[in-house]
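Below is one structure, written out as structure tokens, with a few remarks after it.
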Amino acid sequence: MGGGGEKETIRKYIQDLREKIHYHNYRYYVLNEPEISDAEYDRHFQELEELERTYPDLITADSPTQRVGAKPLEEFGTYEHSIPMLSLNSVTAEEEVRDFDDRVRRMLGGEEIEYVVEPKIDGLAMELIYEDGSFVVGSTRGDGYTGEDITQNLKTIKTIPLRIFAVEGVNAPLSLLEVRGEVFMPLSRFKELNKELGEKGEKMFANPRNAAAGSVRQLDPRVTASRPLDFFAYGVGRTEGKEFSTQWEVLDYLRRIGFKVNPLIRRFETIEKVITYHKEVEEKRDDLDYEIDGVVVKVNSIAQQNTLGTISRSPRWALAYKFPAQEEFTVVNDILVQVGRTGALTPVAVLEPVQIAGVTVSRATLHNEDELRKKDVRIGDTVVVERAGDVIPEVVSVIKSKRTGVEQEFRMPEICPVCGADVLKEGPIVRCIGISCSAQLKERIKHFASLRALNIEGLGEKLIEQLVDRKLVSDAADLFFLTKHDLLKLERMGEKLAQNILDAIEKSKETTFARLLHALGIRHVGEHTASLLADNFNDMDELRNARYEDLIRVPEIGPEVAKSILLFFEQESTKELLAKLERAGVRYEKKAREVEEGVERILAGKTFVFTGRISMPREDAKRMVERLGGKVASSVSKKTDYVVAGEEAGSKLEQAKKLGVKIIDEAEFKEMVKEA
Ligand code: IVH
């Protein structure tokens, strides 16, 4: 190409194209009001990608193509906030809110006051730093002073602008702007994500906040990018080139330069109006697609904020006015004992039904005998019951002042309430040791058929209970020998339903090794461990014949799990069950590495950890190790055989030195695999 002038024209053209994309990104993700079609947007985006391929020296970090550019990290760096990120005092009672108002007015000597009320988003506080309009660093709140540098993850969030541009009268971007706000996962997207994870047999998240936290702290930004995260801005830290006089002005500015600012934010002159608005927001709470746990009340004037100042890490000018906890009073009508899959006896409170946040609750777990004693729950007691998100309701405490003397203490049974076998106390847990306990059998079969095990659709709790009670099945494998005739004996069972169930049972015979292992319900082998085992052993025979040393060599498998696996395979009942499953035609795909013809598995039993920069892609190195029979782990432990240290190797190298693990460089590694 010709002189610098031409290059300059191209640079300018690319810059305009980026601006256009930033703008349409903002219309689409922040405002939800796209001006152009998706196809048109994609065309602009592709054109930019092509230009950047041709002129890689013109790529900038704030280009819209760079949202997920970065490579996985080994660990996050730390980031020191130049102005501490404070926390808030929180209250739930109206009176406490009035006290706050009194204090503020007293300290301001009767000046007029305005309050800004914002929903309190239940997510994670973040700080985003913009220099001359470009996003340069993003970090977590951490302890308020030092957080983690998670820039590359925050870049993947579409509502976080990579570049600030002029909109509605705001001209040149500030030389420095620190934006603060909350990363969260929309409720609808959280449910979708959990469904997906469940279907893939991966661990689900307990609530949207945990999901957001887990997603934003991924070392691989591609994982974060695949998670539906969002961001609301609610404040600023340092700024250069602009002074704000009110919080309202800050929010307005943030909105105009392209951030998503919560639409429910309001301004009021009296605390009574704040209290009324808090109630209004609480009523709207269930209609929102994100979780909030209250509102934040802030004194609007920044001069007044400064007068009020900060005390013990919380500002005197702001307050978290939370919604009341999701709990209610009710009476314990009875205490029952449930027998779980592993024989554990769990005391359960049967409650006088009560509505908690729109849901009827009639049972609550008491966990175990020790918990029950500690809380001293008795039949007839008035108790506080809490429902937290998707979690099983729980008895929080007993209102002892309500006791009349007729309440009855509960004793855990000394034999299994279902099968009458003896019980054994293991720590806080009482366990039925009966080998043919029908309660355990029901739970084992429920687990076997469940979504994340063999996933037998339509075979629900009620059906399984009937099958066991009528002695149509005496272990999980018996499911595969059920006939239509058997099923038709059950309550509310018709031809069509029976056929559907048989079809579902048939379909479940094609499964994966990991799912089958999980379905067997080996103690201490949950979904994750099952998939580890499936990655490390080719099939059931290999696992069944594994010795303690073979099991313990698998990263993440410790003595307790290894012993439990050995014990499981020693049982006569296990041998029968496995033989029966095989006869039934249960097949699984061998996901584990197939043994390749002609390749000598010289690395069999060896575990490698890679650290630092090496010249070949990590994936290739990993594949090479696995092809030769070895394993690759992500962290260094005593079980690691070799640490391959590349350039700038960090904490893993230190760890290897400490544990005396053999350290080799890339050349030595290549030498090692070359022989094969
Ligand atoms: S202001 C000094 N505004 O609540 C002001 N915080 O304990 C500090 N939060 O860590 C924060 N929504 O994670 C503020 N509109 C909002 C908020 C909000 C949620 C969270 C934030 C912070 C915690 C305060």
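One-based numbering, in listed order, for ligands and for the atoms of each.
- Taking distance alone, with nitrogen or oxygen atoms compared against 3.5 Å, W317 stays at or beyond that limit from ligand 1.
- Counting heavy atoms closer than 4.0 Å to ligand 1, residue A125 contributes atoms from both its backbone and its side chain.
- Geometrically, K242 engages F244 in a cation-pi contact defined by less than 6.0 Å to the ring centre and at most 45° from the axis.
- Nearest protein neighbour of atom 12 (N) of ligand 1, counting heavy atoms only, is I121 N, 3.2 Å.
- Side chains of M85 and E127 form a contact here, defined as non-hydrogen atoms less than 4.5 Å apart.
- A salt bridge links D230 with K260: the closest approach of a Lys/Arg side-chain nitrogen to an acidic carboxylate oxygen falls below 4.0 angstrom.
- Close approach to E118 involves these atoms of ligand 1, each under 4.0 Å from a residue heavy atom: 3 (N), 15 (N), 16 (C).
- Under a 4.0 Å criterion applied to the non-hydrogen atoms of S87, ligand 1 contributes the atoms 7 (O).
- Of the N or O atoms in L88, one or more lie within a sub-3.5 Å distance of an N or O in ligand 1.
- Taking a 6.0 Å sphere around CZ of R105, one finds it holds more than 12 heavy atoms contributed by other residues, nucleotides or ligands.
- Using cut-offs of 30° and 60° on the angle between ring planes, the pair Y130 and F135 is tilted.
- Heavy-atom proximity to P119, at under 4.0 Å, picks out these atoms of ligand 1: 12 (N), 15 (N).
- Between G235 and ligand 1 there is no heavy-atom distance shorter than 4.0 Å.
- When Y234, F184, F232 are ranked by how near their heavy atoms come to atom 17 (C) of ligand 1, first place goes to Y234.
- A distance-only check finds no donor-acceptor pair linking the side chain of E80 to the backbone of Y145 [under 3.5 Å].
- Summary of contacts: the protein heavy atom closest to atom 3 (N) of ligand 1 is K298 NZ, 3.0 Å.
- The protein non-hydrogen atom at the shortest distance from atom 8 (C) of ligand 1 is L86 O, 3.7 Å.
- Of the residues E654, K652, Q655, E74, the one that meets the side-chain hydrogen bond (donor to acceptor under 3.5 Å, both in side chains) test with T611 is E74.
- The side chain of E182, and not its backbone, has at least one atom closer than 4.0 Å to an atom of ligand 1 (non-hydrogen atoms only; side chain from C-beta on).
- Close approach of ligand 1 to R141 is summarised as follows: ligand atoms under 4.0 Å from at least one heavy atom of the residue are 10 (O).
- Neither the backbone nor the side chain of M85 has any atom closer than 4.0 Å to an atom of ligand 1 (non-hydrogen atoms only).
- Looking at E272 and R98, a side-chain N of the basic residue comes within less than 4.0 Å of a carboxylate O on the acidic one, giving a salt bridge.
- Between E148 and R217, at least one side-chain nitrogen of the basic residue sits less than 4.0 Å from a carboxylate oxygen of the acidic one, meeting the salt-bridge criterion.
- The contact set between ligand 1 and P315, taken as ligand atoms under 4.0 Å from a residue heavy atom, comprises 2 (C).
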